[in-house]
Amino acid sequence: MTHAQKGMLIRTRGLYRTFRQGDLTVEAVRPLDLEISQGEFVALQGASGSGKSTLLHILGLLDRPTGGSYHLQERDVSTMSDDELSDYRNRLTGFVFQNFYLIPYSTALDNVLMPGLYSDIPLRTLRQRAVMLLEQVGLGDRMTFKPSSLSGGQQQRVALARALLLDPALILADEPTGQLDSATSADILDLFGKINELGKTIVMVTHDKETAARARRRIVFRDGQIESEQVR
Ligand code: ADP
Ligand code: MG
């Protein structure tokens, strides 16, 4: 059993999430069994409101399921305290959002360093790593720039470098190219592809078919459940 599960990063069983909306209960994610192995590049596709972000937030430990189980790297996260959960989140996951969510008054370098403030890694080491990551995403000459002096594509590169700072097992991205023109989107998606080739597991939400086609495995969501799945 343990051997068969080697390399399994994500495993959910009957995981679901409901929200109260006035008198209504919305079933954002219906009971879901999902397995994702280390190194996969998965796209979560589906119409607006189909539950993609809700699932991504749960997988990234930003939200808890209403029920069912979720194992991330063999640990049952549903039993963790809030403190344990945020520690685990910081170490294991990196999030990239549609709107970048950079700190506007901090430089690119300081933004990338942010997740490190809660770790016990020495600042010197973190800084070396942040510089290396900014160089990797093509922003070696923009490290002291603030977000407002960077283009959207450059801001998303900073966000990606930030997500990679603590070398997480899992990168989660919610419509990462949603604010970008098509040429810039292609560049960002190339970067995701490279990061995946270097071994990072990526789960990317998109409502766009072409964007989803960048991933090897595509899961189509509809009304909070998997409608279909394709592996190329
Ligand atoms: P998607 O990302 O696919 O557009 P979401 O996961 O954001 O879909 O939403 C799925 C459903 O859950 C929608 O009906 C949405 O209104 C509802 N929902 C999501 N988040 C909340 C929330 N915090 N409170 C109430 N309802 C929510
Ligand atoms: Mg969404």
Side-chain angles (χ1 to χ4, degrees), residues 9-36 40-72 77-78 80 82 85-86 89 92-102 152-153 155-156 159-160 162-163 168 170-182 184-186 188-189 191-192 196 201-231:
L9 183 62
I10 284 172
R11 194 183 73 219
T12 78
R13 286 289 177 271
L15 179 145
Y16 67 96
R17 179 69 164 104
T18 58
F19 291 109
R20 292 295 294 173
Q21 288 185 4
D23 290 339
L24 278 175
T25 300
V26 177
E27 295 179 290
V29 176
R30 293 170 200 262
L32 173 73
D33 294 349
L34 178 67
E35 291 179 354
I36 297 175
E40 282 198 80
F41 188 171
V42 182
L44 279 181
Q45 245 180 295
S48 175
S50 57
K52 306 180 299 292
S53 293
T54 302
L55 177 61
L56 200 73
H57 290 166
I58 293 171
L59 296 181
L61 311 180
L62 295 169
D63 183 24
R64 289 177 184 272
T66 308
S69 71
Y70 174 26
H71 284 76
L72 177 59
V77 297
S78 49
M80 288 185 187
D82 286 347
L85 200 67
S86 47
R89 179 198 310 130
L92 266 87
T93 72
F95 229 104
V96 176
F97 299 94
Q98 179 173 7
N99 297 315
F100 324 130
Y101 287 133
L102 299 176
Q155 290 184 58
Q156 196 60 300
L160 193 52
R162 176 180 62 185
L170 177 63
I171 294 288
L172 303 128
D174 197 348
E175 306 272 9
T177 59
Q179 299 284 337
L180 306 174
D181 63 58
S182 55
T184 310
S185 295
I188 293 290
L189 293 168
L191 210 47
F192 274 97
N196 175 246
T201 310
I202 300 175
V203 183
M204 176 179 75
V205 159
T206 178
H207 63 271
D208 178 59
K209 273 201 184 102
E210 267 179 61
T211 305
R214 295 289 192 129
R216 226 177 88 76
R217 179 176 172 197
R218 276 163 288 162
I219 297 173
V220 180
F221 243 64
R222 190 191 172 97
D223 295 334
Q225 54 195 338
I226 294 176
E227 182 186 59
S228 62
E229 191 173 335
Q230 259 186 306
V231 182

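Counting convention: from 1, in listed order, for ligands and their atoms alike.
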Would you mind listing each N/O atom of ligand 1 next to any protein N/O under 3.5 Å, plus the distance?
unit_1, atom_1, unit_2, atom_2, d
ligand 1, 2 (O), Ser53, N, 2.9
ligand 1, 2 (O), Ser53, OG, 2.8
ligand 1, 3 (O), Ser50, N, 3.2
ligand 1, 3 (O), Ser50, OG, 3.4
ligand 1, 3 (O), Gly51, N, 3.1
ligand 1, 3 (O), Lys52, N, 3.0
ligand 1, 3 (O), Lys52, NZ, 2.9
ligand 1, 4 (O), Gly49, N, 2.7
ligand 1, 6 (O), Thr54, N, 2.9
ligand 1, 6 (O), Thr54, OG1, 2.5
ligand 1, 8 (O), Gly51, N, 3.2
ligand 1, 16 (O), Gln21, NE2, 3.1
ligand 1, 26 (N), Gln21, NE2, 2.9

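Atom CD in Gln156 sits 10.0 Å away from atom CG in Leu191 (nearest 0.5 Å). In this structure, the separation between CD1 on Ile171 and OG1 on Thr201 is 9.5 Å, given to the nearest 0.5 Å. To the nearest 0.5 angstrom, Arg214 atom CZ is 11.5 Å from Ile202 atom CD1.
Using a distance-only test at 3.5 Å, with no hydrogens or angles considered, a donor-acceptor pair links the side chain of Thr12 to the main chain of Leu32. Checking side-chain atoms of Lys52 against main-chain N and O of Ala47 turns up a donor-acceptor pair under 3.5 Å.
The Mg ion (ligand 2) has Ser53 OG as its protein N, O or S neighbours under 2.8 Å.
Listed by chain and residue number, nothing satisfies the side-chain hydrogen bond (donor to acceptor under 3.5 Å, both in side chains) test with Asp33 (two or more places apart in sequence, or in another chain). For the side-chain hydrogen bond (donor to acceptor under 3.5 Å, both in side chains) test, no residue two or more places apart in sequence or in another chain qualifies with Arg89.
Using a cut-off of 4.0 Å between Lys/Arg side-chain N and Asp/Glu carboxylate O, Arg216 and Glu40 are scored as not salt-bridged.
Residues Val220 and Ile226 fail the side-chain proximity criterion, which asks for heavy atoms closer than 4.5 Å.
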